[in-house]
Chemist: 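Handing you a structure now.
All figures in this text were calculated on a predicted structure; none of them were measured in a lab. Counting begins at 1 with the first residue of the sequence. Quick note: numbers below take in every heavy atom, side chains included, and nothing from hydrogens, waters or symmetry partners.
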Amino acid sequence: GMSPQSPQAAWTARRFFDLLSTLGSLRVISVCGPSVFEAICDFDGYDVRGGMINAITDAYHWHFQIARLGHLHSHDTIHKRSGRRVLFFELREDEDSDPFLRIYLYRPAQSDFAAESESHFAVAHAELGDGAIVEKESPE
């Protein structure tokens, strides 16, 4: 495999959004002060303009300021209340901030994760399970 110092191995906003498009339906949970917004969407690509990632999903238009994504952390855990396995990412502006976004692999009740989505998640989780700093990249 690639050594962690290898530039291709760095996590960037683009690499993360490329990963999202391989994960099938997503449950995106956004926290803004007292408000929590949750949507299930299919994410299939984006463009980059003016330092923003722009993604039009079936649920909403998503505009994401690349420079402010500073830290990624993946989780493979059991949800206490439901006892269901959950796979998700937390996005932070920096390591010490509260997450501003949680992105879950979505699966309907009584079903398993899609095998392909689960394996893409597992590869990323091997690198993001302890948290990782996101490398800054050129805005365009």
Side-chain angles (χ1 to χ4, degrees):
M2 290 186 286
S3 70
Q5 284 70 39
S6 146
Q8 299 93 316
W11 281 95
T12 61
R14 277 187 181 89
R15 181 179 174 198
F16 181 67
F17 275 79
D18 288 343
L19 169 67
L20 291 182
S21 63
T22 71
L23 298 178
S25 294
L26 303 171
R27 179 189 300 269
V28 178
I29 300 177
S30 171
V31 178
C32 181
S35 166
V36 176
F37 179 83
E38 187 171 327
I40 294 164
C41 66
D42 288 312
F43 178 84
D44 56 3
Y46 60 90
D47 64 14
V48 176
R49 271 199 301 271
M52 304 287 281
I53 284 177
N54 300 297
I56 309 300
T57 75
D58 55 333
Y60 54 79
H61 291 198
W62 192 1
H63 306 288
F64 192 103
Q65 202 174 335
I66 293 172
R68 291 178 68 180
L69 175 57
H71 192 264
L72 288 168
H73 193 175
S74 60
H75 300 269
D76 178 346
T77 186
I78 301 296
H79 187 260
K80 285 184 187 66
R81 218 173 45 237
S82 66
R84 278 164 52 108
R85 181 176 175 223
V86 289
L87 307 176
F88 68 99
F89 301 96
E90 290 179 323
L91 284 61
R92 291 176 168 80
E93 291 201 44
D94 58 61
E95 207 168 347
D96 302 320
S97 311
D98 289 334
F100 60 84
L101 213 54
R102 289 189 179 88
I103 301 176
Y104 289 75
L105 271 67
Y106 175 72
R107 59 180 176 143
Q110 278 79 55
S111 64
D112 285 327
F113 293 106
E116 191 182 352
S117 301
E118 190 175 352
S119 68
H120 287 297
F121 178 89
V123 171
H125 184 55
E127 297 180 39
L128 297 174
D130 294 324
I133 301 291
V134 177
E135 301 238 336
K136 299 303 177 208
E137 54 189 310
S138 64
E140 294 310 323

Chemist: Any side-chain heavy atom of Phe16 within less than 4.5 Å of one from Val134?
Modeler: no
Chemist: Let me confirm one number: the OG-CZ distance from Ser74 to Phe121, rounded to the nearest 0.5 Å.
Modeler: 4.5 Å
Chemist: Does Pro34 have any side chain to side chain contact (heavy atoms under 4.5 Å, CB included) partners at least two apart in sequence or in another chain, and if so, which?
Modeler: none
Chemist: In terms of hydrophobic clustering (I, L, V, M, F, W, Y; side-chain heavy atoms under 4.5 Å; direct or indirect links), are Ile53 and Ile29 co-clustered?
Modeler: no
Chemist: Give a yes-or-no answer on whether the side chains of His71 and Asp94 include a donor-acceptor pair shorter than 3.5 Å.
Modeler: no
Chemist: Just how far is it from atom CH2 of Trp62 to atom OG of Ser30, taken to the nearest 0.5 Å?
Modeler: 9.5 Å
Chemist: Salt bridge (Lys or Arg N to Asp or Glu O under 4.0 Å), that's the test. Do Arg107 and Glu118 meet it? Break it down for me.
Modeler: CA-CA 11 Å; Arg107 59 180 176 143; Glu118 190 175 352; over 6 Å; no
Chemist: Decide yes or no for Val86 and Ile78: does some side-chain heavy atom of the first lie under 4.5 Å from some side-chain heavy atom of the second?
Modeler: no
Chemist: Taking all non-hydrogen atoms of both residues, which atom of Ile66 and which atom of Val48 are closest, and how far apart?
Modeler: CD1-CG1, 3.8 Å
Chemist: Please say whether more than 12 non-hydrogen atoms of neighbouring residues, nucleotides or ligands are located less than 6.0 Å from CD in Glu127.
Modeler: yes
Chemist: Examine Tyr104 and Leu128 and state if one hydrophobic cluster contains both, with Ile, Leu, Val, Met, Phe, Trp and Tyr joined whenever side-chain heavy atoms are less than 4.5 Å apart.
Modeler: no
Chemist: Which is it for Ile40 and Leu26 under the side-chain contact (heavy atoms from CB on, under 4.5 Å) test, yes or no, and what are the steps along the way?
Modeler: CA-CA 6 Å; Ile40 294 164; Leu26 303 171; over 6 Å; no
Chemist: Please identify each residue that fulfils side chain to side chain contact (heavy atoms under 4.5 Å, CB included) with Ser35, with sequence neighbours left out.
Modeler: none
Chemist: How long is the straight-line distance from CZ of Phe43 back to CD1 of Ile103, given to the nearest 0.5 Å?
Modeler: 8.0 Å
Chemist: Assess whether side-chain contact (heavy atoms from CB on, under 4.5 Å) is satisfied between Phe37 and Cys32, documenting all intermediate values.
Modeler: CA-CA 8 Å; Phe37 179 83; Cys32 181; over 6 Å; no
Chemist: Among all residues two or more places apart in sequence or in another chain, which pass the side-chain hydrogen bond (donor to acceptor under 3.5 Å, both in side chains) test with Glu90?
Modeler: His75, Arg92, Arg102
Chemist: For the atom pair CD1 (Ile56) and NE2 (His63), what is the distance rounded to the nearest 0.5 Å?
Modeler: 5.5 Å
Chemist: Run the numbers on Leu101 and Phe89 for side-chain contact (heavy atoms from CB on, under 4.5 Å), then give the verdict.
Modeler: CA-CA 8 Å; Leu101 213 54; Phe89 301 96; over 6 Å; no
Chemist: side-chain hydrogen bond (donor to acceptor under 3.5 Å, both in side chains) with Asp44: which residues, sequence neighbours excluded?
Modeler: none
Chemist: If the condition is side-chain hydrogen bond (donor to acceptor under 3.5 Å, both in side chains), which residues does Arg27 pass it with, not counting sequence neighbours?
Modeler: Glu38
Chemist: Got a sec, which residues hit ring-ring contact (aromatic ring centres under 6.0 Å, His included) with His120, two or more places apart in sequence or on another chain?
Modeler: none
Chemist: Nearest heavy-atom pair of Thr12 and Glu137: which atoms, and what distance?
Modeler: CB-OE2, 3.3 Å
Chemist: Do Tyr106 and Phe88 belong to the same hydrophobic cluster, where Ile, Leu, Val, Met, Phe, Trp and Tyr are linked whenever their side-chain heavy atoms lie under 4.5 Å apart, directly or via other members?
Modeler: no
Chemist: Using the rule that two of Ile, Leu, Val, Met, Phe, Trp, Tyr join whenever any of their side-chain heavy atoms come within less than 4.5 Å, decide whether Phe17 and Phe100 are in one cluster.
Modeler: yes
Chemist: Does CG in Asp47 sit with more than 12 non-hydrogen atoms of other residues, nucleotides or ligands closer than 6.0 Å?
Modeler: yes
Chemist: Can you see which heavy atom on Leu105 is nearest to which on Phe113, and at what distance?
Modeler: O-CE2, 3.6 Å
Chemist: For Gly24 and Ser117, work out which heavy atoms get closest and say how close.
Modeler: N-OG, 3.8 Å
Chemist: When rounded to the nearest 0.5 angstrom, what distance separates CG in Leu19 from CZ in Arg14?
Modeler: 15.5 Å
Chemist: Locate the shortest heavy-atom distance separating Ser21 from Gly45; write the atom from each residue and the value.
Modeler: CB-N, 4.1 Å
Chemist: Could you walk me through whether Phe64 and Tyr46 satisfy the ring-ring contact (aromatic ring centres under 6.0 Å, His included) test, starting with their C-alpha distance in whole Å, then the side-chain angles of each, then the deciding distance to 0.1 Å, before giving a yes or no?
Modeler: CA-CA 10 Å; Phe64 192 103; Tyr46 60 90; over 10 Å; no
Chemist: Count I, L, V, M, F, W, Y as connected when their side-chain heavy atoms are under 4.5 Å apart, and connections chain through other members. Are Val28 and Leu91 then in the same cluster?
Modeler: yes
Chemist: Rounded to the nearest 0.5 Å, what separation is found between the CD atom of Glu116 and the OG1 atom of Thr22?
Modeler: 7.5 Å
